[in-house]
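Here is the structure we will look at.
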Amino acid sequence: MSKLIDGVLVANSVKAEVKAEVEALKQKGISVGLAVILVGNNAASEIYVRNKQRACEAVGINSYKYLLSESTTEEELLALIEKLNGDSKVNGILCQLPLPSHINKSAVVSCIDPIKDVDGFNPQNAGKMLSSARCLLPCTPQGVIKLLDYYGIEIEGKNCAVIGRSDIVGKPMAVLLNERNATVTLCHSKTKDMKNILKNADIIVSATGKPRLVTADMVKAGAVVIDVGITRENGKLCGDVDFENVSKKASFISPVPGGVGPMTIAMLLKNTLKAAKLQNGEA
Ligand code: GUN
């Protein structure tokens, strides 16, 4: 039976650290603020944005929410971002994805000032990440690394399989694991014989949104399995991993919900604090 990776526990410890630092900055007259923008009525995004706002409140970060209608034009959205780029109360800007199809995601992500880009999606931050320079890093992959570190799971020299090559999770996940000296295989929908790759992996990170993609026969005994997938099936949240059976074989496994999800928000708060420190010469 594997050990459960408790994302709520680790997220709470990160949030406590952030809260203490936010309070210390307040003593110096520096307040920390995050602007969250949501365009349209995606039900899942509405929940994520509400959770992000609540998390800000809990650690003393001021949150500024912008709920824009589905019919908002790209020009209007870019104008709002430009305004927030110039607003000193706002240290971090997050535009919730996905965006309506008439808005160009690249234009939006590129418009966010790199020093306020708490998602780490701006090409300037993505490029810095690739060249190992200091920058704001994407929240979910950072959260996965934090979970591995918290549980004392060694990364260096390990065979890691990342499943899914999204810009938000899979690609940066592979980069961050490589940065920690793992040997990384990035699997995707065109990968041949994925089972053979997974069987050889010490650490598996799955981020596809395909329920039950990772089954026990694909996992090496004693492997560490991190499930980033979130799919709603008949009103119930489920990950990419067949938890019931894989948990009998893995050494550590993260559940859905309660695994990576809370970490994404905790790392967003940490990035907002980092952005505020950078902007105030405190980092
Ligand atoms: N949509 C799903 N995950 C994310 C995320 O981490 N950031 C943003 N901005 N949108 C998302």
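Atoms within a ligand are numbered from 1 in the order they appear, just like the ligands themselves.
Heavy atoms of Leu94 found under 4.0 angstrom from ligand 1 belong exclusively to the side chain.
Counted by atom type alone, Thr208 and Asp240 present one or more donor-acceptor pairs between their side chains at under 3.5 Å. Using modelled atom types, one finds no donor on one side chain facing an acceptor on the other under 3.5 Å when comparing Asn122 with Asn125. Using a 3.5 Å distance cut-off with no hydrogens or angles, the side chains of Lys270 and Gln142 do not pair a donor with an acceptor.
Considering backbone and side-chain atoms alike, Asp119 places an N or O below 3.5 Å from some N or O of ligand 1. Between Gln96 and ligand 1, at least one pair of N/O atoms sits closer than 3.5 Å.
Counting heavy atoms from C-beta on, the side chains of Gln279 and Lys274 never come closer than 4.5 Å.
Listed for the Ser254 side chain is no donor-acceptor partner under 3.5 Å among the backbone atoms of Gly259.
For atom 10 (N) of ligand 1, the closest heavy atom belonging to the protein is Leu97 N, 3.0 Å.
Ligand 1 is never approached by Tyr48 to a heavy-atom distance shorter than 4.0 Å. A heavy-atom separation below 4.0 Å is not found between Cys139 and ligand 1.
Atom NZ of Lys19 has 12 or fewer neighbouring heavy atoms from other residues, nucleotides or ligands inside a 6.0 Å radius.
Which parts of ligand 1 touch Cys95 is read off a 4.0 Å heavy-atom cut-off, strictly below it: atoms 9 (N).
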